[in-house]
Amino acid sequence: MNSLEILDNDSITEVKLLPRVIEITSQERRMIQDAAAHLQRKYGSYENRDFITHVHQLASYFLPERILHIAADFASDFSKDQYGAIAFRGLMDIDQENIGTTPSNWQSADYSKFNIYGFACALLHGALPSKPVQYYSQRKGGGLMHAIIPDEKMRETQTGSGSSTDLYVHTEDAFLKHQADFLSFMYIRNEEQVPSTLYSIRSHESIGEKFRPLFERMYKIPKDANLETGTDEEEVLDAILYGNYELPFMRFDAAEQLFNPSIKQSDDAHHHLNEFWEEAKDLVYSGFTPQAGDVILVNNHLCAHGRSAFRAGVRNIDGIEYRCQRRIMLRMMSKVSLMEMRAHTLTEDPFFVIEEHLGKNFENI
């Protein structure tokens, strides 16, 4: 179950569904850090094929029992009380001195400095019935884990590298049929104190007839902004909500589907999306500001994510601005079933997804 917050405002009491926050004990943190260090010595890299193949058994052996049970229960709970996100506060101690100055962008990041944290993230995914995977659409592969770092050249973009505008809530890779089932975000540093934003489809009081049109395949779901779209590409439409009518899953990207003027949704589609967003935007949660070592685990079918706008490398304390190190976040993704998507993975590597857009694969990889 997730926590329920009771809010009193002018004598009106509202019950609000919130993401669950788990405080990691010092003993649990030590167990996880010792496990990550041991696995790093044994396997070298969290991308080691033997490590990924056996990650479920390793998670069962090395993770603290409480954390293992919480993650496992989270993975199989689609109920009305499941928000779709868990924050683990203080999962790891971060060696800031070893990481050093924040690189100017993700391309120049030294991933060897994040290696031990990759093992911890992978173990969390191993507690779920879900294998870490990489996507060719994510920076042409980019490995199992991505460093999300503010980039001055991209500060106004709707990407993880942006900063000066709010990153609208979105389910990761909404434009893919086989998008990740689960995401983990480990915060290596967040000295600007940027709140994360989360939005759960379960936050609505109910999904009634008003939103039934969202189940129809009538919505343009454009490719990610970092992917080229050919002028002669066939337009593919899909639904925003899918699965159970009362407790649905969602595929939603507010920035691309609603606020990208080049998309040109049909009048009906735009009307229903606007109606949905008018209710959804008031349910976006921004009450959790991650600290170094925190991890947010997300069910990508239930919960969308984003972040607030901020000035990269600047921290505001009582109205006074101080220079600081820019934030670094690590993202890992996983899939429950590799068999159902085998036509969309490399022949020699079932953990490498080559889907480009709603069932279409990249060519000439």
Side-chain angles (χ1 to χ4, degrees), residues 45-49 51-53 55-56 59 71 74-75 84-88 91 106 109 111 114-115 117-149 159-161 167 169-188 196 198 221 223-227 249-253 290 294-307 328-342 344-346 349-358 361-362:
S45 167
Y46 54 83
E47 293 198 336
N48 183 299
R49 183 65 173 268
F51 170 67
I52 296 301
T53 299
V55 71
H56 298 307
F74 170 75
I86 299 181
F88 294 98
L91 190 85
W106 65 265
Y111 275 76
F114 306 138
N115 196 44
Y117 309 119
F119 280 103
C121 290
L123 282 178
L124 266 186
H125 286 269
L128 314 169
S130 196
K131 278 278 199 299
V133 293
Q134 62 176 305
Y135 284 80
Y136 191 74
S137 60
Q138 293 281 355
R139 299 168 183 162
K140 300 299 183 286
L144 290 180
M145 191 168 68
H146 301 139
I148 311 297
I149 297 171
T159 68
S161 299
L167 180 61
V169 290
H170 60 283
T171 53
E172 192 70 21
D173 294 342
F175 62 96
L176 298 181
K177 273 291 188 184
H178 300 280
Q179 74 273 42
D181 294 323
F182 295 98
L183 315 169
S184 65
F185 301 97
M186 175 176 278
Y187 293 82
I188 300 301
S196 289
L198 297 167
I221 304 180
K223 286 192 287 190
D224 212 0
N226 67 331
L227 298 174
F249 297 136
M250 70 172 167
R251 178 194 307 278
F252 180 59
D253 186 332
D294 292 351
V295 174
I296 299 179
L297 191 62
V298 173
N299 181 324
N300 195 39
H301 301 275
L302 291 179
C303 186
H305 64 277
R307 54 137 181 83
I328 302 175
M329 182 180 72
L330 305 177
R331 177 185 60 202
M332 188 173 282
M333 299 176 279
S334 64
K335 284 295 294 180
V336 170
S337 173
L338 297 175
M339 288 186 290
E340 69 171 14
M341 54 186 286
R342 194 65 177 105
H344 305 285
T345 60
L346 286 181
D349 186 355
F351 307 120
F352 197 117
V353 185
I354 59 174
E355 185 185 5
E356 180 186 16
H357 187 214
L358 292 176
N361 290 345
F362 285 95

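These values consider heavy atoms only, across backbone and side chains, with no hydrogens, waters or symmetry-generated copies. In what follows, residues are counted from 1 in the order of the sequence shown.
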Report yes or no: does [X] contribute a side-chain atom to a donor-acceptor pair with the main-chain N or O of [Y] at less than 3.5 Å?
X	Y	value
Asp173	Gln179	no
His301	Gly84	no
Arg342	Leu346	yes
Tyr46	Ala120	no
Asp181	Val336	yes
Thr171	Phe252	yes
Tyr135	Ala180	yes
Asn300	Glu172	yes
His56	Leu128	yes

Distance-minimising heavy-atom pair for [X] and [Y]:
X	Y	value
Glu356	Asn361	OE1-O, 3.8 Å
His146	Gly141	NE2-O, 3.4 Å
Arg139	Ile148	NH2-CD1, 3.8 Å
Trp106	Ala147	CB-O, 3.2 Å

With a 3.5 Å cut-off and no angle check, do the side chains of [X] and [Y] form a donor-acceptor pair?
X	Y	answer
Tyr187	Ser196	yes
His125	Ser184	yes
Gln134	Glu47	no

Could you check whether any side-chain heavy atom of [X] comes within less than 4.5 Å of a side-chain heavy atom of [Y], counting everything from C-beta outward?
X	Y	result
Ile188	Leu330	yes
Phe352	Thr345	no
Met250	Leu302	no
Ser137	Asp224	no
Phe351	Pro132	no
Leu91	Leu124	yes
Asp253	Val169	no

>> For Phe362 and Tyr136, take the angle between the two ring planes, folded into 0 to 90°, and tell me which bin it lands in: parallel under 30, tilted 30 to 60, perpendicular over 60.
In response: perpendicular
> How are the rings of His170 and His305 set relative to one another: parallel (under 30°), tilted (30 to 60°) or perpendicular (over 60°)?
Replying inline: tilted
>> If the threshold is 4.0 Å, N to carboxylate O, is there a salt bridge linking Lys177 and Glu355?
In response: no
> What distance separates Leu176 CG from Met341 CE, expressed to the nearest 0.5 Å?
Replying inline: 9.0 Å
